[in-house]
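This report concerns only the one structure given below.
Keep in mind the model is a prediction, meaning the values are calculated, not measured.
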Amino acid sequence: MSVDIWKTLLIWIKQIQENPQVAAETRFVFMTTAQAAEGSAFALLRRGDASRDVTSATLKLAAAAGSSTNQVSADGREAFLQMEPALRKLFMSNVIVFDNAPNIIDVREEVEGALMIGVPAEVLSDYTDRVEGWWFRRVIAGLSKTDSPAISLTSLSAKLAEIRDDFRVSGLPLHPDIEKVDVIGLSDDDERVFVRQMRLVGLPDGPANRAVHDYYRAFVQRSKWARQDLLLDDEAEIYDGSLSDAFAREVEAAKDFHPCDSEDEKRTLGRKLFHWAARHQQPLRNRHELWLSSGSYQMLADRKSIGWHLDFEELLKKDEQKS
């Protein structure tokens with residue numbers, strides 16, 4: 001007799017009226033943290049329950065539809081009674097009731113239990129966060145957009161596999177929003193070391209702003225890997241060492257081909273070194289994103305491990321003494 005049940009059934013029946021194939025291809029799910037009353041149509045539609053009896057449940061719903069006088073549920077009850085018997089039987093065979101569903105607190109543990117196969121235990125929580133984030137976005141889109149397609153089991157399985165691959169033992173997962181980190185332009189009062197290093201060689205605003213963006217993305221992502229204990233012993237230090245070694249080789253090669261006696265020549269050489277580092281791709285395990293190596297070079301510059309200007313240490317020291 002529930003109005004909400006008949007409203008839901010009406011929505012589903014309208015979909016079937018538009019395309020009868022929907023009755024065969026779709027699972028129609030009722031979910032509730034409450035328990036279905038014993039002997040009710042809902043109790044007879046539990047998934048996998050030994051007492052599941054679609055025929056009896058359909059008869060009970062038909063009896064309720066015929067006896068109720070509630071005008072609010074009239075459209076749903078009438079649509080149910082007017083369905084062609086074979087189509088109604090097919091429809092009801094795909095109606096499933098999940099009662100006693102876990103509440104919002106307990107469901108996390110159950111979700112992790114379902115997702116734990118094939119994922120290292122130490123990253124299970126982060127893997128679940130990624131899956132939930134994707135799922136919620138898809139559900140919100142489905143509820144808010146009239147033309148949003150249904151979430152197929154195939155697309156769900158494919159997405160789970162895609163995210164799981166990111167968390168395999170040999171791989172490093174990217175934070176799902178890392179590519180969405182806002183671009184923050186430089187300001188005149190920005191005194192961070194890597195920013196001052198760019199000023200020493202007179203870098204234009206365009207590449208300088210891109211470098212700041214790369215720095216933020218690399219810093220955020222590397223910090224997250226460190227917090228998750230996903231980096232192997234000394235892996236970050238070895239990576240930075242390989243970047244520094246590649247940079248030192250480039251400096252030697254550049255000095256061999258470019259004069260660097262005057263200040264203008266040193267600033268020009270420094271800009272060339274900067275642009276080389278911005279394009280140099282140094283993978284960190286399975287990650288080949290250009291912003292990762294470019295941003296890591298900015299992190300090295302911030303620590304004064306490298307510098308674009310050949311005299312960067314002396315010039316930075318002078319600059320600090322002035323301030």
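- Side-chain atoms of D302 come within 3.5 Å of backbone N or O of F194 as a donor-acceptor pair.
- Rounding to the nearest 0.5 angstrom, the gap separating the CG atom in L284 from the CD atom in Q282 is 9.5 Å.
- Put simply, the side chain of Q221 gets close to the backbone of H175: a donor and an acceptor are under 3.5 Å apart.
- Counting only distance, with no hydrogens or angles, the side chain of S68 and the backbone of A64 share no donor-acceptor pair below 3.5 Å.
- Between F80 and R88, the shortest heavy-atom contact is O-NH1, 3.0 Å.
- Smallest separation of non-hydrogen atoms from R52 and I96: NH1-CA, 4.3 Å.
- Minimum heavy-atom separation, V193 to A301: CG1-O, 3.5 Å.
- Within the 4.5 Å cutoff, no side-chain heavy atoms of R138 are placed close to those of L156.
- No hydrogens or angles considered: nothing links the side chains of D214 and Q298 as a donor-acceptor pair under 3.5 Å.
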**Request:** Go through the steps for R217 and L292 under the test side-chain contact (heavy atoms from CB on, under 4.5 Å), then give the verdict.
**Result:** CA-CA 7 Å; R217 285 186 288 182; L292 178 60; over 6 Å; no
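- The shortest side-chain heavy-atom distance between W6 and L9 falls under the 4.5 Å cut-off.
- The distance from the CD atom of E235 to the CZ atom of R222 is 9.5 Å, given to the nearest 0.5 Å.
- Taking the six-membered ring where the residue is Trp, W12 and F91 present perpendicular rings, their angle passing 60° and hence far from 30°.
- More than 12 heavy atoms of other shown residues, nucleotides or ligands fall within 6.0 angstrom of atom CD in E132.
- Under the 3.5 Å distance criterion, the side-chain polar atoms of S40 are left unmatched by any main-chain donor or acceptor of A36.
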**Prompt:** Stepwise, does the salt bridge (Lys or Arg N to Asp or Glu O under 4.0 Å) test hold for K159 with E162?
**Reply:** CA-CA 5 Å; K159 192 64 181 181; E162 176 188 322; 3.2 Å; yes
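- Pairing each heavy atom of N70 with each of R77, the nearest pair is O-NH2, 2.7 Å.
- Linking ILVMFWY side-chain heavy atoms closer than 4.5 Å, directly or via other members, places M92 and L10 in two distinct hydrophobic clusters.
- Nearest heavy atom pair, residue L316 against residue R196, reads O-NH2, 3.3 Å.
- Two residues are said to be in side-chain contact when any heavy atoms from C-beta on lie closer than 4.5 Å; L200 and R267 fail this criterion.
- For the 3.5 Å distance criterion, the side chains of R108 and S125 qualify, holding a donor opposite an acceptor.
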**Request:** Output, in order, the C-alpha distance, side-chain angles, deciding distance and verdict of side chain to side chain donor-acceptor pair (under 3.5 Å) for T58 and T55.
**Result:** CA-CA 5 Å; T58 304; T55 301; over 6 Å; no
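- Taken to the nearest 0.5 Å, the OH atom of Y127 stands 11.5 Å off from the CD atom of E112.
- The shortest distance between side-chain heavy atoms of E265 and H258 does not fall below 4.5 Å.
- F98 and F30 have their aromatic ring centers separated by at least 6.0 angstrom.
- Linking ILVMFWY residues whenever their side-chain heavy atoms come closer than 4.5 Å, directly or via other members, places F136 and V139 in the same cluster.
- A heavy-atom distance below 4.5 Å is not found between the side chains of V119 and T128.
- Using a 4.0 Å cut-off between a side-chain N of Lys or Arg and a carboxylate O of Asp or Glu, E191 and R199 qualify as a salt bridge.
- Residues S157 and T154 have side chains that never bring a donor and an acceptor to within less than 3.5 angstrom of each other.
- To the nearest 0.5 Å, the span separating CG on L81 from CG on L61 amounts to 10.0 Å.
- No donor-acceptor distance shorter than 3.5 angstrom exists from the side chain of Q281 to the backbone of S293, with no hydrogens or angles considered.
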**Request:** Test K266 against D261 for side-chain contact (heavy atoms from CB on, under 4.5 Å), laying out the working first.
**Result:** CA-CA 7 Å; K266 290 179 181 180; D261 297 322; over 6 Å; no
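- More than 12 heavy atoms of other residues, nucleotides or ligands shown are found within 6.0 angstrom of CE on M1.
- A salt bridge links D245 with R249; the closest basic N to acidic carboxylate O contact falls under 4.0 Å.
- In this structure a side-chain-to-backbone donor-acceptor pair under 3.5 Å is present from R271 to V201.
- The aromatic rings of F247 and Y297 are tilted relative to each other, their planes meeting at an angle between 30° and 60°.
- Closest of all the heavy-atom pairs between A23 and I16 is CB-CD1, 4.0 Å.
- In this structure a side-chain-to-backbone donor-acceptor pair under 3.5 Å is missing from S294 to L290.
- The hydrophobic cluster containing V123 also contains I178, counting ILVMFWY residues as joined when their side-chain heavy atoms lie under 4.5 angstrom apart, directly or transitively.
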**Asked** side-chain contact (heavy atoms from CB on, under 4.5 Å) between W135 and I151: does it pass, once the steps are laid out?
**Response** CA-CA 9 Å; W135 176 257; I151 306 173; 3.9 Å; yes
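- Using a 4.5 Å heavy-atom threshold, the side chains of T33 and N100 count as separate.
- Contact check for D99 versus M31: no side-chain heavy atoms found under the 4.5 Å cut-off.
- A salt bridge is absent between K318 and D311; no separation between the charged side-chain nitrogens and carboxylate oxygens falls under 4.0 Å.
- At least one donor-acceptor pair under 3.5 Å links the side chain of N286 to the backbone N or O of L172.
- No donor-acceptor contact under 3.5 angstrom links the side chains of E314 and H309, judged on distance only.
- Other residues, nucleotides and ligands contribute at most 12 non-hydrogen atoms within 6.0 Å of the CZ atom of R47.
- Using a 4.5 Å cut-off between side-chain heavy atoms of Ile, Leu, Val, Met, Phe, Trp and Tyr, with links allowed through other members, F312 and Y215 fall into different hydrophobic clusters.
- Using a 4.0 Å cut-off between charged nitrogen and carboxylate oxygen, E320 and K304 count as a salt-bridge pair.
- F28 has its side chain within reach of V22: a pair of non-hydrogen atoms, C-beta onward, lies under 4.5 Å apart.
- D189 and S187 are linked by a side-chain donor-acceptor pair at a separation below 3.5 angstrom, with hydrogens and angles left out of the test.
- Distance check, rounded to the nearest 0.5 Å: OG of S244 to CD1 of I306 gives 6.5 Å.
- The backbone N or O of L87 sits less than 3.5 Å from a side-chain atom of E84, completing a donor-acceptor pair.
- By the criterion of side-chain heavy atoms lying less than 4.5 angstrom apart, applied directly or through intervening Ile, Leu, Val, Met, Phe, Trp or Tyr residues, V3 is not grouped with I11; the two fall into different hydrophobic clusters.
- In this structure, W291 has its ring center no closer than 6.0 Å to that of Y216.
- Separation of atoms CD1 (I163) and CG (L174) is listed at 12.5 Å; rounding is to 0.5 Å.
- Proximity of a side-chain donor or acceptor of W276 to a complementary backbone N or O of A254 within less than 3.5 Å is not detected.
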